[in-house]
There are 2 protein chains.
Amino acid sequence: MPNIKEIAKLAGVSVSTVSRVLNNHKYVNEQKRAKVLQIIEEHNYVQNSNAVHLSTGKTKVLGVTLPMVNNQYYSTILEGIAAEAAHHDYKLMVCQTNNSLEHERSILQLLANKKIDGLIMFSRANSCDTLTEYAEYGPIITCEANDTTTVSSVHIDHYQTFLIGMEYLIQKGHRRIGYCLGRKNSFNSQHRKRAYEEKLRSVGMTPAPEWAFEDCVTIQDGMEVASKLMQLENRPTAMIVSCNHIAAGLYKEASRLGLNIPQDIAIIGCDDQPIGELLEITTVSSSSNRMGRYAFEMLHERIVNQGKVWEKEEQVLLPVLVERNST
Amino acid sequence: MPNIKEIAKLAGVSVSTVSRVLNNHKYVNEQKRAKVLQIIEEHNYVQNSNAVHLSTGKTKVLGVTLPMVNNQYYSTILEGIAAEAAHHDYKLMVCQTNNSLEHERSILQLLANKKIDGLIMFSRANSCDTLTEYAEYGPIITCEANDTTTVSSVHIDHYQTFLIGMEYLIQKGHRRIGYCLGRKNSFNSQHRKRAYEEKLRSVGMTPAPEWAFEDCVTIQDGMEVASKLMQLENRPTAMIVSCNHIAAGLYKEASRLGLNIPQDIAIIGCDDQPIGELLEITTVSSSSNRMGRYAFEMLHERIVNQGKVWEKEEQVLLPVLVERNST
DNA sequence: CTGTTAGCGCATTCAG
DNA sequence: CTGAATGCGCTAACAG
């Protein structure tokens, strides 16, 4: 496997000229360009990317952190990013963090190591301070709201999402409303919870602890909520659930245990996963794919214009109620 | 941001000593090691990965190609790989190919470019010849059977899978059996189809073209199959479906259109997606997660022992029937 | 145990 | 339009 030097020698030109041909610079004599191309072809020359990376200081690779790969919500965002990335010839380093602080930090470190040009974080375990610290090494975009003064984000308005869901349930006559949330301490969950409580109080109800389910992440978790609901004396008449797949678990298990939906219990979800559509679950939805695309665009802008001073920017996606048959 | 040279100067040692400290080599005076570490700390030194990559010829990055990220079957394999990769400190470059020849080829090219140390292909669009050609640049593992003489694979025995499914349906008394397959020309599909036809003929039936559905990839595709089935005069009494999410689409839409399952039509799927479990769809399952783990292990062995001559190896996962309520 | 030195392969001024 | 020379930051063989 020859390198650029050998190609230069064989073509009877300098390495700079080969480099120019490789990078499609103009101002190269057509004869020479052709000759270089021919030699490259004949000798199966391929560029060593690592040398290019070292020399240019860029890799055209973006990092993406997400708690788990095998989750429709995240993989839909990922698909949005992947589509845009492919379009701009960027590769994606996809890193599952399992919400581990250390693991996530090791990804942030890739930015410092120049292994990636930028980072998109779907979810975040480390503190805003840590985030700010690493943002000095390269652009970061979060797909959640964050409290830093420098790190931009694109996110769904989770407060609005729950507000819309709650208003809808209340207008349907529900008063005993429960909820399922994901990671208890995430920004997303906190905003959702606040909307839930405010709205419930606004109709004179006091949020009951036994109607609150947190740390629901998998379909299985949704199913367990159903079992727990069955044991309640004062069961809620409606549940607002942060993700469609959890809503799906709740839906199916509640049905199996004999509850009629929506008569005995109404269920409303909060994203746009196919499983929600399949089971015809009402949802307050935003486009995860679109979120991914925006995230890429914001990151890309910042990578291309590294010199510019970037203000913090927040792209907020507004949710829309999609009424189906579970409410 | 200082480099290794400046750290060396500040610590009063040579760059080699700093390098040794960085790479945890033994035979470094404890005093000097401590001093170097201190200077590194004080000056926020971070290694430039690209220089390391160039120098060592390795990146500790693995490529993964899959047709689409947003598919439970693939993301479950991916999760298996991700778990093992994290354990061995490898990063994953995840590339969506959309089954495009060119796009997939551009990923194979990463191997030649030394941007990745090895490649796992969940699915493959390019020819076996192309595969063989690129395998000279670095190890490749496919998660499908392949006809090369050098590229190893770990795959589900799709022939057996369909055979088991067909035997089960036949034993249940079904004779008019139809199928849904994914990409028409993939290896997987061909094996499945062969099992289907052989088994059906073995009970004296002739495969009917109108019972055959190909290029089913999404839930939506499954739903469309249901509509088409409704229009048949001589509708099959059972369907064997290559993926659970397609089976799920078929299941729900068929129900919605008034068919009782399994009385009017039995449905059997062929993997271990959560949606199949949720809808209680009978399936012939293999562990996709395990497949991912094997794939990583095989690839890792080959990367670590690059010198060794590797024979082609095929890890075959045997499927198991999981009986549920759709048959 | 340590330092010197020669690459790794390419991009990019700077002259011409 | 072209080439020589320098640098990117680190590893590793080699000599001591």
Side-chain angles (χ1 to χ4, degrees), chain A residues 1-37 39-40 43-60 109-117 137-138 306, chain B residues 1-37 39-40 43-61 109-117 137-138 306-307:
Chain A
M1 300 202 226
N3 59 23
I4 196 174
K5 215 162 166 181
E6 305 179 46
I7 297 298
K9 192 180 297 173
L10 289 165
V13 299
S14 72
V15 289
S16 339
T17 300
V18 178
S19 177
R20 289 192 186 100
V21 172
L22 252 26
N23 296 291
N24 275 314
H25 283 200
K26 35 198 173 185
Y27 306 138
V28 178
N29 179 303
E30 272 314 315
Q31 314 279 323
K32 297 197 179 179
R33 181 190 300 275
K35 178 70 175 171
V36 168
L37 253 18
I39 298 287
I40 284 179
H43 295 262
N44 292 314
Y45 166 77
V46 284
Q47 240 182 349
N48 181 315
S49 297
N50 297 130
V52 177
H53 299 161
L54 174 59
S55 196
T56 61
K58 295 255 168 280
T59 63
K60 297 216 91 175
Q109 190 65 33
L110 298 179
L111 213 47
N113 287 328
K114 295 180 177 301
K115 203 157 175 160
I116 54 179
D117 293 347
Y137 291 111
Q306 198 89 221
Chain B
M1 302 203 224
N3 60 21
I4 197 175
K5 213 161 165 182
E6 303 180 45
I7 297 299
K9 190 180 297 172
L10 290 165
V13 298
S14 72
V15 289
S16 346
T17 299
V18 177
S19 177
R20 290 193 185 98
V21 172
L22 251 28
N23 296 292
N24 276 315
H25 283 200
K26 34 200 174 183
Y27 307 139
V28 179
N29 178 300
E30 272 315 316
Q31 313 282 322
K32 296 195 179 179
R33 182 189 299 276
K35 178 68 176 174
V36 168
L37 254 18
I39 298 287
I40 284 179
H43 295 262
N44 291 314
Y45 166 78
V46 284
Q47 240 182 348
N48 181 316
S49 297
N50 296 129
V52 177
H53 299 161
L54 175 59
S55 194
T56 61
K58 295 255 168 280
T59 62
K60 297 217 93 179
V61 176
Q109 190 64 33
L110 298 178
L111 213 47
N113 287 329
K114 295 178 174 303
K115 203 157 173 158
I116 54 180
D117 292 347
Y137 291 111
Q306 197 91 222

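By convention in this document, chain letters (A, B, ...) are assigned in the order of the sequence lines, proteins followed by strands, and residues within each chain are numbered from 1. These numbers come from a predicted model, not from an experiment. Below, each value reflects all heavy atoms present in this structure, side chains not excepted, and no hydrogens, waters or symmetry copies.
- Remark: the backbone N or O of B:V15 is not paired with any side-chain donor or acceptor of B:S19 at under 3.5 angstrom.
- Checking D:dG3, D:dA12, C:dT2 against every side-chain atom of B:V15, the shortest atom distance belongs to D:dA12.
- In this entry the distance linking NZ of A:K114 with P of D:dG9 reads 8 Å, nearest Å.
- To the nearest angstrom, C1' of C:dT2 lies 17 Å from NZ of B:K35.
- Side chain of A:I4, nearest nucleotide from C:dT13, D:dT11, C:dA11: C:dA11.
- Note on A:S14: a side-chain N or O is less than 4.0 Å away from OP1 or OP2 of D:dG3.
- Among D:dA13, D:dC8, D:dT11, the nucleotide with an atom closest to any side-chain atom of A:L54 is D:dC8.
- A:N23 contributes no side-chain N or O that, together with a main-chain N or O of A:H25, makes up a donor-acceptor pair within less than 3.5 Å.
- In this structure, A:N48 places its CG atom 11 Å from P of C:dC8, rounding to the nearest Å.
- Within 4.0 Å (heavy atoms only), A:V18 reaches no atom of the nucleic acid at all.
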Checklist entry - So A:Y45 and A:L10, side chain to side chain contact (heavy atoms under 4.5 Å, CB included) or not? Walk me through it. => result CA-CA 12 Å; A:Y45 166 77; A:L10 289 165; over 6 Å; no
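- Atom NZ in A:K58 sits roughly 12 Å away from atom P in C:dT12 (whole-Å rounding).
- The nearest whole Å value for the distance from the CG atom in B:L22 to the C1' atom in D:dT11 is 11 Å.
- Closest to the side chain of A:V13, from the set D:dG3, C:dA11, C:dT2, is D:dG3.
- Comparing C:dG9, C:dT2, C:dC10 against the side chain of B:V28 picks out C:dT2 as the nearest.
- Each of B:R20 and B:S55 has a nearest nucleotide on DNA chain C; the 5'-most of these lies closest to B:R20.
- Heavy atoms of A:K26 sit nowhere under 4.0 angstrom from any nucleic acid atom.
- Note: CD1 (B:I7) to C1' (D:dT11) measures 17 Å, nearest angstrom.
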Next on the checklist: Evaluate B:K32 against B:R20 for side chain to side chain contact (heavy atoms under 4.5 Å, CB included), listing each step before the verdict.
Outcome noted: CA-CA 11 Å; B:K32 296 195 179 179; B:R20 290 193 185 98; over 6 Å; no
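- Distances shorter than 4.0 Å separate none of the side-chain N or O atoms of B:Y27 from OP1 or OP2 on C:dG3.
- At the heavy-atom level, B:N50 lies nowhere under 4.0 Å from the strands shown.
- Rounding to whole angstrom units, NE2 of residue B:H25 and P of D:dT11 are separated by 8 Å.
- Taking atom NZ of B:K5 as the reference point, atom C1' of D:dT11 lies 14 Å away to the nearest angstrom.
- Nearest to the side chain of B:T17, among C:dT2, D:dG3, D:dT11, sits C:dT2.
- Between A:K9 and A:E6 no salt bridge is recorded (no basic side-chain N to carboxylate O distance below 4.0 Å).
- A:N3 has a side-chain polar atom (N or O) that falls below the 4.0 Å cut-off from OP1 or OP2 of C:dG9.
- OP1 and OP2 of D:dC10 both lie 4.0 Å or more from every side-chain N or O belonging to B:S19.
- Distances were taken from every side-chain heavy atom of A:S16 (C-beta onward) to each of D:dG3, C:dA11, C:dG3; the shortest belongs to D:dG3.
- Here A:Q47 reaches the OP1 or OP2 of C:dA11: one of its side-chain N or O atoms lies under 4.0 Å away.
- Side-chain nitrogen and oxygen atoms of B:K32 include at least one within less than 4.0 Å of the OP1 or OP2 phosphate oxygen of C:dT2.
- Put simply, the side chain of A:N50 never gets that close to the backbone of B:N50: no donor and acceptor are under 3.5 Å apart.
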